[in-house]
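Presented below is the structure to which this report refers.
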Amino acid sequence: RTLRRRDGSILHRLASGLYRSLGWLIGSERLAVKLATLLFSAGLAYGFLGTLPHRVEGVATLVTDETRILAAPFDGTVEEASRNPGESVDAGETLIAMETEDLLLQRGELQADLRRQLAEVRRARAGGQLVDAEIASARSEQIGARLARVEADLERAVIRAGFAGIVVEGERQALLGRPVRQGDPLYRIARLEAMYLRIDVPEAGVHFVEPGETGEFVFLSRPGTTLPIAVTRVIPMARVRDGEGAVFEVVARIDAPAEEWWRPGMEGVAKIDQGDRPVFWVLGHRLLDRLRVWLWW
């Protein structure tokens with residue numbers, strides 16, 4: 001048989017070789033080796049020719065800049081407080097009521113003093129005592145200014161929410177009966193509609209990210225809900241995050257309506273799309289970068 005193959009024509013020898021090769025490939029011998037070889041070859045071909053989506057991943061926090069601090073309007077005591085952190089409020093809803101008993105007493109005393117001074121003005125003018133009339137008039141104006149201030153404090157004694165949102169600071173039980181000074185913060189309210197994401201992106205991946213790129217975000221509490229996002233800006237300054245080393249802050253908006261259960265400070269995972277890249281590059285570029293650093297001298 002060997003002599004016959006050697007004596008045959010070139011075409012005959014090529015056909016015989018091809019037949020033997022096909023017999024080895026599709027034959028029943030060494031099936032495990034053939035299957036492993038086939039799978040390895042397919043994997044190599046996919047690694048070199050196939051593509052995978054490349055995404056830059058980071059830890060994202062839901063934040064809002066639309067907050068308002070409700071402070072004590074004057075020195076006094078909190079009589080009523082209606083909300084706790086995490087509860088929603090409506091625009092115009094009463095949150096704080098200050099005690100007004102002292103203010104009401106001051107208003108009564110000042111009104112009585114004002115009436116007495118006005119009567120003194122009239123009496124001095126009737127008697128031709130112009131100097132005394134001017135003095136009494138000046139005193140009545142001073143009392144009127146003090147009365148106007150007390151009236152303004154009475155109007156500010158009830159503090160209402162300026163917009164609909166949620167309470168992020170301030171607890172009802174801690175505020176009730178609490179003596180406060182003017183300007184002390186009582187409540188902080190955040191507007192839900194103005195929330196966005198701050199994404200901590202590792203240093204190794206931030207150079208891929210550009211404003212305008214899109215991606216997806218999921219809350220840790222609800223990983224089944226995916227939200228579309230878009231990068232608005234990249235903060236060009238690194239900071240150290242515990243356990244992660246240097247990270248850069250990327251700001252992104254959420255291209256979806258705000259939900260009632262969203263709260264500032266909630267965390268999740270954001271992935272920013274970078275397009276398709278070769279499979280081997282997606283799977284191994286981080287390891288390759290580390291090797292370059294380790295082997296560099």
With sequence neighbours left out, write down each residue that passes side-chain contact (heavy atoms from CB on, under 4.5 Å) with Val168, or none if nothing qualifies. Ile166, Arg188, Ala190, Pro264
Please enumerate all residues that pass side chain to side chain donor-acceptor pair (under 3.5 Å) together with Gln117, with sequence neighbours excluded. none
Excluding sequence neighbours, so at least two apart, what forms salt bridge (Lys or Arg N to Asp or Glu O under 4.0 Å) with Arg123? Glu120
Give the minimum heavy-atom separation between Leu95 and Tyr187, together with the two atoms involved. O-CE1, 3.8 Å
Quick check for you: to the nearest 0.5 Å, what is the distance between Glu210 atom CD and Ile272 atom CD1? 10.5 Å
Can you tell me if CZ on Arg149 sees more than 12 non-hydrogen neighbours from other groups inside 6.0 Å? no
Could you list the residues that satisfy side-chain contact (heavy atoms from CB on, under 4.5 Å) with Phe74, not counting sequence neighbours? Met98, Leu103, Asp153, Ala157
CG of Leu70 to CD1 of Ile96: how many Å apart, nearest 0.5 Å? 8.0 Å
Taking all atoms of both residues into account, what is the closest heavy-atom pair of Leu62 and Arg263, and its distance? CD2-O, 3.6 Å
Show, in sequence, the C-alpha distance, side-chain angles and deciding distance for Val180 and Leu186, and conclude whether the side chain to side chain contact (heavy atoms under 4.5 Å, CB included) test is met. CA-CA 9 Å; Val180 295; Leu186 304 178; 3.9 Å; yes
Shared hydrophobic cluster, Val158 / Leu176 (ILVMFWY, side-chain heavy atoms < 4.5 Å): no
Closest non-hydrogen contact found for Val89 with Ala161 is CG2-CB, 4.2 Å
Test: Arg83 and Glu93 ion pair at under 4.0 Å: yes
Would you say Glu87 has more than 12 foreign heavy atoms packed within less than 6.0 Å of its CD? yes
Taking all non-hydrogen atoms of both residues into account, name the closest pair between Met266 and Ser221 and its distance. CE-OG, 3.5 Å
Pairing residues for Arg115 by the side chain to side chain donor-acceptor pair (under 3.5 Å) criterion, not counting sequence neighbours: none
Tell me the side-chain hydrogen bond (donor to acceptor under 3.5 Å, both in side chains) pairs involving residues 55-64, sequence neighbours left out? Arg55-Glu216, Arg55-Asp273
Does Ser82 reach the main-chain N or O of Thr94 with its side chain, forming a donor-acceptor pair under 3.5 Å? yes
Are the side chain of Asn84 and the backbone N or O of Arg172 linked by a donor-acceptor pair below 3.5 Å? yes
Would you say the side chain of Arg239 lies within less than 4.5 Å of the side chain of Asp200, judging by non-hydrogen atoms? yes
What side-chain hydrogen bond (donor to acceptor under 3.5 Å, both in side chains) pairs are there with at least one residue in residues 246-262, not counting sequence neighbours? Arg253-Asp255
Restricting to side-chain contact (heavy atoms from CB on, under 4.5 Å), what partner residues turn up for Ala238, sequence neighbours left out? Ala246, Phe248
Decide whether Leu175 and Ile69 are clustered together by the hydrophobic rule: side chain heavy atoms of Ile, Leu, Val, Met, Phe, Trp, Tyr closer than 4.5 Å, transitively. no
For the student: nearest non-hydrogen atoms of Gly183 and Ala71, plus distance: O-CB, 3.6 Å
Do Ile199 and Val234 share a hydrophobic cluster (ILVMFWY, side-chain heavy atoms under 4.5 Å, transitive)? yes
Keeping to residues at least two apart or across chains, list the side-chain hydrogen bond (donor to acceptor under 3.5 Å, both in side chains) pairs with something in residues 127-144. none
Are side-chain heavy atoms of Ile254 and Tyr196 found at a separation under 4.5 Å? no
Find out if a path of hydrophobic residues (ILVMFWY) with successive side-chain heavy-atom gaps under 4.5 Å connects Val63 to Phe163. no
State which residues pass salt bridge (Lys or Arg N to Asp or Glu O under 4.0 Å) with Glu99; sequence neighbours excluded, sorted by chain then number. none
Could you tell me the separation between the CZ atom of Arg146 and the CG atom of Asp113, rounded to the nearest 0.5 Å? 7.0 Å
Could you tell me if the side chain of Leu197 sits less than 4.5 Å from the side chain of Ile229, heavy atoms only? yes
Could you give me the CA-CA distance, side-chain angles and deciding distance for Arg233 and Ile235, then say whether side chain to side chain contact (heavy atoms under 4.5 Å, CB included) is met? CA-CA 7 Å; Arg233 66 181 186 275; Ile235 308 300; 3.8 Å; yes
Can you name the ring pair (Phe, Tyr, Trp, His ring centres under 6.0 Å) partners of Phe217, sequence neighbours left out? Phe219
How about Arg107 and Leu110: do any of their side-chain heavy atoms sit closer than 4.5 Å? no
So, do Gln182 and Pro73 sit near enough that their side-chain heavy atoms are less than 4.5 Å apart? no
Among the clusters formed by ILVMFWY side chains lying less than 4.5 Å apart, do Leu147 and Leu154 turn up in the same one? yes
Report the residues that fulfil side-chain contact (heavy atoms from CB on, under 4.5 Å) with Arg122, sequence neighbours left out, ordered by chain and then residue number. Leu118, Ala119
Taking all non-hydrogen atoms of both residues, which atom of Val59 and which atom of Glu267 are closest, and how far apart? CG1-OE1, 4.3 Å
